[in-house]
There are 2 protein chains.
Amino acid sequence: MFGKLLISGLFTTTMQEKLREHFEKIISLTDEEFAFVLSHFTFRKFKKHQYLIQQGDPVNHTFFVVSGLLRLSHTDANDKEHILLFAMEDWWVSDDHAFLTGTNATMSLDCLEDTGVFCITREDNRKLFAAMPKMEHFFLKKSHFGYIALQRRLLALLSSSAAERYQQLLMQYPSLIQRVNKTLLAAYLGVSRETLSRLTS
Amino acid sequence: MFGKLLISGLFTTTMQEKLREHFEKIISLTDEEFAFVLSHFTFRKFKKHQYLIQQGDPVNHTFFVVSGLLRLSHTDANDKEHILLFAMEDWWVSDDHAFLTGTNATMSLDCLEDTGVFCITREDNRKLFAAMPKMEHFFLKKSHFGYIALQRRLLALLSSSAAERYQQLLMQYPSLIQRVNKTLLAAYLGVSRETLSRLTS
DNA sequence: CTCCTAGCGTGATGTACATCACGCCAAACT
DNA sequence: AGTTTGGCGTGATGTACATCACGCTAGGAG
């Protein structure tokens, strides 16, 4: 009993503080407001290899990553997997299109490491945004940054060779190279594993 | 004198109504609010081939397209041009990264047709958003849609052949094919003009 | 200890593109 | 009318990649 209290108490406190810090980078919240926000979320832990979203299924949640590493990917008709993004701490992620429109997922979201996320349902999300516009502001701001980052990536894909894109990735996310294997990096860069291997050796 | 009054009167009224309609698809505005919003913008007309943003220059405005067609593009180190997007009526466009951070443009924005835009400076934009959060909401919402669209394009670039991407483009923006020549379409699709020509013939 | 699998490198071959070069045509310019 | 220019198609050739096939190594599971 004591152990349970201690551990879960410590744990949620840390998680909550992290979440709040992330929010407060963009908006400010009173204690009451933060408690209200929190009441819309559930915290969940997922193990490496677990799926948060499966391609083809309905998408009822969007996720805020507290720790760990997720992969948002699409498997095409030829069974080739393409990685849209790696979602790390402080990322807000889902299959946005499916979540927004209520259609089925065209992407999968799964764990490359054990991962902790705050989850919110479409309905709670709607309620939260209606009650607290600044939370929607926070969310949209994040998405705006994502848009800018995505433009850069698109440009890289259009104008750079595989070797150049790899170099750019090294610069921008040096930590990624430690955390994910080269097969995944290749799927992100849009080249085959073999080609990436030849580039690096 | 009569002619001037008539023409310019008609013109701005039409433009303004268009602008307001676009806003009201996402937010609602009173007449007073709309007038206040308008006071932050200037309306400008540009001729085909004119530049609104030149790669390398500071970016002090963001633009709302009322009519016409713009191209947002990047010219790489090998003098090859890549098109990030064609901005049509109802699009909000700029070099977002440069506009947001105050750095110089890494992209150019120019007219493929005679074009009418509402312009807003960084400073007026800041003031407007501060005074009317729902305008920021409108803007960020637009950007969120843009983000979703961009994800789809990234996926197409990663997983589809040039021929497939051309077909998808035909589906999604049939009107574009009438309005822009094949050299530009090729630059958008990320293939050479010759390859695109072979695909279509 | 042995087997099995995941991760990685590497050779041989195939292919979807880019590049270069050219010619045709229609519209615009003088 | 003659010349120029922009848009487009097309052949020949080059190349950056994908694909297939294989072998090596290290860590985990029986």
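Below, chains carry the letters A, B, ... as their sequence lines are ordered, and counting in each starts from 1. Remember, it's a predicted structure, so these values are computed and weren't measured experimentally.
Straight-line distance from the CD atom of A/Glu164 to the P atom of D/dA16: 11 Å, rounded to whole Å. Summarising the geometry, the separation between NE2 on A/His82 and P on D/dA18 is reported as 11 Å, rounded to the nearest angstrom. Here the P atom of nucleotide C/dC20 and the NZ atom of B/Lys80 are 10 Å apart, to the nearest Å. Atoms NE2 (A/His49) and P (D/dG28) sit 13 Å apart, rounded to a whole Å. Separating the CG atom of B/Leu196 from the P atom of D/dT10 is a distance of 13 Å, rounded to the nearest angstrom. Regarding A/Arg198, its CZ atom lies at a distance of 15 Å from the P atom of D/dA21, rounded to whole Å. As a whole-Å value, the separation of A/Glu194 CD from D/dC20 P is 10 Å. Counting to the nearest Å, the C1' atom of D/dA16 and the CG atom of A/Leu189 are 15 Å from each other.
Geometrically, B/Arg153 engages B/Tyr188 in a cation-pi contact defined by less than 6.0 Å to the ring centre and at most 45° from the axis.
Within the 4.5 Å cutoff, no side-chain heavy atoms of A/Leu52 are placed close to those of A/His61. Contact of the A/Val59 side chain with the A/Leu109 side chain is not registered, since no non-hydrogen atoms from C-beta on lie closer than 4.5 Å.
Open room surrounds NZ on B/Lys48; 12 or fewer heavy atoms of other groups in view lie less than 6.0 Å from it. In the displayed structure, B/Arg20 atom CZ is contacted under 6.0 Å by more than 12 heavy atoms of other residues, nucleotides or ligands. Other residues, nucleotides and ligands contribute over 12 non-hydrogen atoms within 6.0 Å of the CZ atom of B/Arg122.
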Apply side-chain hydrogen bond (donor to acceptor under 3.5 Å, both in side chains) to A/Lys134 and A/His137, showing your working. CA-CA 5 Å; A/Lys134 64 181 165 188; A/His137 179 77; over 6 Å; no
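The ring-ring contact (aromatic ring centres under 6.0 Å, His included) test with B/Phe118 singles out one residue from B/Trp92, B/Phe64, B/Phe43, and that residue is B/Phe43.
Using cut-offs of 30° and 60° on the angle between ring planes, the pair B/Phe129 and B/Phe139 is tilted.
The B/Thr200 side chain lies nearest to D/dG9 when the options are C/dT10, D/dG9, D/dC17.
If you check residues 69-79 of chain B against DNA chain C, you find no residue with a heavy atom closer than 4.0 Å. For DNA chain C, the neighbouring residues in residues 151-163 of chain B, judged by any heavy atom under 4.0 Å, are B/Ser161, B/Ala162.
Without hydrogens or angle criteria, A/Lys80 side chain to A/Ala187 main chain gives no donor-acceptor distance under 3.5 Å.
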For nucleotides 5-8 of chain C, tabulate all protein N/O to nucleotide N/O atom pairs closer than 3.5 Å, reporting atom names and distance.
residue, atom, partner, partner atom, Å
C/dG7, OP1, A/Asn181, ND2, 3.4
C/dC8, OP2, A/Lys182, N, 2.9

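Counted by atom type alone, A/His144 and A/Lys141 present zero donor-acceptor pairs between their side chains at under 3.5 Å.
Within the structure, a side-chain polar atom (N or O) of A/Ser201 is placed less than 4.0 Å from OP1 or OP2 of C/dT10.
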